[in-house]
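Since the model is a prediction, treat every value here as computed from it, not as a measurement. Residue numbers begin at 1 in each chain, while the letters A, B, ... track the order of the sequences.
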2 protein chains.
Amino acid sequence: MRAAVVRGDRIVVTEVEDPAPGPGQVLVRTLACGICGSDLHAAQDLAGFAAHMARVGAPGGLDPRRQVVFGHEFSAELVGYGPDTARSLPLGTMVCAVPLVLGPEGPENVGYSQRFPGGFGELMVLQEAGLLAVPEGRQAEQAALTEPLAVGEHAVVRAAPGQDDVCLVVGCGPVGLAVIAALKARGHGPMVAADFSPARRALAERLGADVVVDPAAGSPYTRWGELGVPATIIERGANELFGVASRNAVIFECVGVPGMLREIVEGAPPRARIVVVGVCMSEDAFEPFPAVVKELDVRFSIGYTQEEFAATLLRDAPGGLVTRAVGLDGVAEAFETLRSPGEHVKIMVKP
Amino acid sequence: MRAAVVRGDRIVVTEVEDPAPGPGQVLVRTLACGICGSDLHAAQDLAGFAAHMARVGAPGGLDPRRQVVFGHEFSAELVGYGPDTARSLPLGTMVCAVPLVLGPEGPENVGYSQRFPGGFGELMVLQEAGLLAVPEGRQAEQAALTEPLAVGEHAVVRAAPGQDDVCLVVGCGPVGLAVIAALKARGHGPMVAADFSPARRALAERLGADVVVDPAAGSPYTRWGELGVPATIIERGANELFGVASRNAVIFECVGVPGMLREIVEGAPPRARIVVVGVCMSEDAFEPFPAVVKELDVRFSIGYTQEEFAATLLRDAPGGLVTRAVGLDGVAEAFETLRSPGEHVKIMVKP
């Protein structure tokens, strides 16, 4: 099959061996597959990424000296069954799945595995038990948004915001927008979103943010008072003293670069809950003192459960997230484009 | 009155003006007052400490150019009532209190206030509404342990460990020992404690730790498996897949120096809850990636509520925590001694 492969620090389109479904597995033809921020990280420093994965004992292994087919945000057409399969879905069904396949040594990440190529190739092998049929009438590109949207769903489950909590989403790239969509699906408000890009702010509003902030024009961390959240320890203490209920803040870090945690710890109101959804791949520094004095909670979030993934698939994906579609030949350039995303949110690859 | 005052970078014993109780306040004579780790930090860099306090909007203000009487872990004898007081306790009663007094601009921290001298002076002013009578038969030094023990109580409330969670206490100074005491008071187990000092490890065992670890001899982070906590993502995932219950880990950071968070994030098992009770006053760096992949929770903890303080006072303080008592003339030397604590846990000042 044809695939866009990551080979060292390059992305090239080439012929690779067709994957073959083993027992309990199926063969699918990729319909659409989004490019994820993690793909950008991993392509830029495959050896570093592989070392990170190995260090934390993440499933599967990645040999940076060998090529790999990325792509884990996919929709696909079911085209064949391997041995020992129940075959409950007819061939031709459009499917989504959590990108995990059982390899000989345990579960492996489709799209970061050298045994199971990802969605930037024409064919994939998936686990039959994990297949989810895409609801009728859904476009393949929209269905492929299930995975990144499930990341937002999981982050909101991790955050467990109370009904009256004020949510601030810092960064409105694909991750931040997924968080906004998941909050909106719960009818949550008020919700503030911050991003430097006007296009992303507009999309944040369209997806359900009540207030959008341009951090270049004004700090998103100065508005707690007007949103009913005590901004200082004294204010919160006084509320407790006089039996006045205090609103809490939940802050989603959806940028994933060094310095964000420092900024949020500094700007958070007392007792805020911070959910870190952005994946910062390098060392980070912050000052613990304000975090201690304000008794902040920091919850790191990644991925989703099978249930959260399935629930996300049942909801219509919001429009406007896919800002471009490319073929395999456009993958390398799309990676470059996304390094300074400008107006782009999600670029879909259609092999 | 006589007091040991912090003046610039020195501690000197001198005469200071007697504090006078205002409306709703009482005058007490200090019986015993412990030296806290925060006191060491603050005495070493009063200007930096004052700036930290001001920056986070903590109650009261501290002018580093003026002298201040430290001491917020006290027991005291009630010796006089100010105007507008209910006078429900007889003079002579031994009392403890949360070290907060209402000043003209709001609550101030007794012991870090230039209006309300702390327990390293002979007399203090306290708020009548916050007074708690010490149970009959309790020694003054033991009663003065209420404040630091309440810090452990609060940290355990913040941690909210489940019955089957494995607790690891990193650092067995006064804070770590207070956490162990609070866990023990709940009958919690198993509980692992780590400290480089043999004396502190012995005390940790005496207070209720089931396993003690010398980090110089072996990492405390390699024992999850034998304690029934899945140590890797694969193990935890397999448990979920096969419906096997997984024990969780709760890790208390009770050291408060840069690098501890990095070490704990690295060594924590997936889904661990980390409660940061040690107060690190300088910038700190760590790698977010393992925290993200393992979905760690980090909860910063400081202080306690009035209810937690009162509950702690009702319990007998464990023996062995007070390792020395000094008069006011011994305060400066005691601060020096505690900078490399060796076998010391808590030094009590008896003005």
Report the C-alpha distance between A:L261 and B:F286 in whole Å, list the side-chain angles of each, state the deciding distance to 0.1 Å, and finish with yes or no for side-chain contact (heavy atoms from CB on, under 4.5 Å).
-> CA-CA 11 Å; A:L261 188 62; B:F286 75 112; 3.7 Å; yes

Please, which pairs that meet salt bridge (Lys or Arg N to Asp or Glu O under 4.0 Å) have at least one residue in residues 255-264 of chain B, sequence neighbours excluded?
-> A:E283-B:R262

Can B:L296 and A:R299 be said to form a side-chain contact (heavy atoms from CB on, under 4.5 Å), step by step?
-> CA-CA 6 Å; B:L296 304 180; A:R299 300 185 182 181; over 6 Å; no

Below 4.5 Å, heavy atoms only, C-beta onward: do B:E287 and A:M281 meet side chain to side chain?
-> no

Residues from residues 301-311 of chain B approaching chain A under 4.5 Å (heavy atoms) = B:S301, B:I302

Under 3.5 Å, which donor-acceptor pairs do the side chains of residues 272-280 of chain A form with other protein atoms, sequence neighbours left out?
from	atom 1	to	atom 2	distance (Å)
A:R273	NH1	A:A159	O	2.6
A:R273	NH1	A:A160	O	3.1

What part of B:E266 is in contact with chain A, defined as an atom under 4.5 angstrom from a non-hydrogen atom: side chain, backbone, both or neither?
-> side chain

A:D297 and B:R158: side-chain contact (heavy atoms from CB on, under 4.5 Å), yes or no, with the steps?
-> CA-CA 10 Å; A:D297 275 15; B:R158 285 278 287 157; 2.6 Å; yes

Side chain from CB out, backbone as N, CA, C, O: work out which of these in B:H41 comes under 4.5 Å of a heavy atom of chain A, or both, or neither.
-> neither

Salt bridge (Lys or Arg N to Asp or Glu O under 4.0 Å) filter on A:D45, not counting sequence neighbours, yields none

For the student: nearest non-hydrogen atoms of A:S282 and B:P288, plus distance | O-CD, 3.2 Å

From CA spacing to verdict: side-chain contact (heavy atoms from CB on, under 4.5 Å), B:V298, A:F300 | CA-CA 8 Å; B:V298 183; A:F300 293 89; 4.0 Å; yes

